[in-house]
Amino acid sequence: ATFNGRHISVECRTEWLAAELRRRLMHVVAATDPVRSPILRVALDELEPSWIEVSDSIGRCERGSVEYVAHHARKWMTAAFIAAQPDLIWLHAAAASRDGAAILLAGPAGAGKSTLLVQLVDGGWDLLADDVVALRPPAGEVLPLPFSPEVRAIPHDPGEDWRVFLTQPKALAAITPDRVASKPALVAAIVFPEYGRELARPLITQLTDVSAAQALATQALGPRQGSAKIGEMFELARRIACYRLRYSNPAVAASELATLG
């Protein structure tokens with residue numbers, strides 16, 4: 001798996017595991033053998049039928065279903081890419097691009113980032129990144145990190161019990177290679193989605209620079225802390241229009257989002 005010149009070695013010790021991981025990582029798999037040494041090694045093995053072990057080169061180990069271990073493998077891989085490239089701005093977000101412009105969807109788990117991302121791709125946009133977005137400062141350029149999105153049937157409603165929401169299974173979105181971005185894109189808008197079942201239509205409101213910087217800071221990943229992080233987020237919010245989106249219908253909301261890009 002590769003990102004911006006760095007790569008991670010993933011070893012699957014059975015053929016069906018290799019096929020399953022290739023399906024989940026197909027858009028980040030290296031086209032050729034990398035020259036550099038890997039920044040992380042991840043290995044998966046089937047201990048018993050449907051009981052999988054995932055481990056890595058720094059000593060972590062988890063066991064469970066293929067969905068469970070794939071989640072941890074992806075989380076460890078993402079963390080390794082973040083640690084290896086601290087010069088980039090990393091956000092808990094998803095991103096889609098069209099004609100060199102990107103829409104970035106930032107927010108906590110359950111906000112519907114991946115669901116809206118898939119709707120944008122279905123509407124003709126290209127997958128740039130899911131769950132974690134890397135931006136190259138100072139231009140605000142998103143680099144492709146196209147993990148395949150995993151979506152729940154319904155995003156989290158603020159009035160819903162988190163335990164009920166987390167019981168929803170995730171489905172892997174099937175995105176064809178021709179709908180995956182291969183080049184960076186400049187961010188045209190940053191959107192903070194919030195699902196609300198009672199809403200009749202999407203509501204998009206522009207945020208002030210201060211409100212946007214505070215919202216971005218809560219979704220920032222990586223080593224930057226304190227005033228350095230706040231300053232970086234404020235500069236990002238000052239240069240890029242940021243919006244709050246409240247919605248109930250992801251398809252209708254995606255149509256509204258497309259006008260921002």
Side-chain angles (χ1 to χ4, degrees), residues 1-12 18 21-44 54-60 70-106 114 117 121 125-149 175-188 190 216 219-225 228-229 232-233 235-236 239-240:
T2 63
F3 168 72
N4 200 33
R6 306 299 177 91
H7 79 278
I8 293 168
S9 168
V10 184
E11 177 186 359
C12 299
L21 263 291
R22 190 173 293 111
R23 185 172 74 92
R24 293 171 179 271
L25 305 177
M26 61 182 298
H27 303 308
V28 294
V29 172
T32 58
D33 290 335
V35 176
R36 292 184 179 182
S37 298
I39 59 175
L40 185 72
R41 296 181 186 275
V42 177
L44 292 94
V54 59
S55 58
D56 70 8
S57 52
I58 62 175
R60 291 173 290 198
H71 165 76
H72 281 279
R74 175 167 158 172
K75 183 170 72 172
W76 297 346
M77 293 163 68
T78 302
F81 285 137
I82 293 173
Q85 304 193 62
D87 55 311
L88 301 177
I89 297 173
W90 293 88
L91 295 171
H92 187 201
S97 66
R98 184 173 64 182
D99 299 328
I103 287 181
L104 195 152
L105 304 162
S114 296
L117 171 65
V121 172
W125 292 66
D126 292 334
L127 166 66
L128 255 179
D130 177 62
D131 199 48
V132 175
V133 166
L135 295 94
R136 180 184 287 135
E141 185 180 54
V142 180
L143 304 181
L145 183 55
F147 284 108
S148 295
I175 295 179
T176 56
D178 63 308
R179 290 267 60 94
V180 178
S182 59
K183 297 179 180 179
L186 290 174
V187 181
I190 300 174
L216 283 166
Q219 304 308 320
L221 306 171
R224 292 176 177 82
Q225 298 296 326
K229 180 171 72 174
E232 194 169 57
M233 296 303 106
E235 181 60 24
L236 198 62
R239 289 186 289 103
I240 300 171

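What you see is a predicted model, and the numbers here were worked out from it, not measured in a lab.
A heavy-atom distance below 4.5 Å is found between the side chains of F81 and I39. V54 has its side chain out of reach of R60: every pair of non-hydrogen atoms, C-beta onward, lies at least 4.5 Å apart. In this structure the side chain of F3 never reaches within 4.5 angstrom of the side chain of V132, judged on heavy atoms.
At distances below 3.5 Å, not a single donor-acceptor pair connects side-chain atoms of R98 with backbone N or O atoms of D126. R74 contributes no side-chain N or O that, together with a main-chain N or O of F147, makes up a donor-acceptor pair within less than 3.5 Å. A distance-only check finds a donor-acceptor pair linking the side chain of H27 to the backbone of I175 [under 3.5 Å]. Side-chain N or O atoms of R6 include one that pairs as donor or acceptor with a backbone N or O of A84 at under 3.5 Å.
Judged as a side-chain hydrogen bond (donor to acceptor under 3.5 Å, both in side chains), the pairs with a partner in residues 133-149 (not counting sequence neighbours) are, in order, R136-E141.
Shortest non-hydrogen contact noted between I190 and V187 is CG1-CG1, 3.8 Å. Between S97 and L128 the shortest heavy-atom distance is CB-CD1, 3.6 Å.
Atom CG in L186 sits 9.5 Å away from atom CZ in R239 (nearest 0.5 Å).
For R24, the CZ atom sits in a packed shell: over 12 heavy atoms of surrounding residues, nucleotides or ligands are nearer than 6.0 Å.
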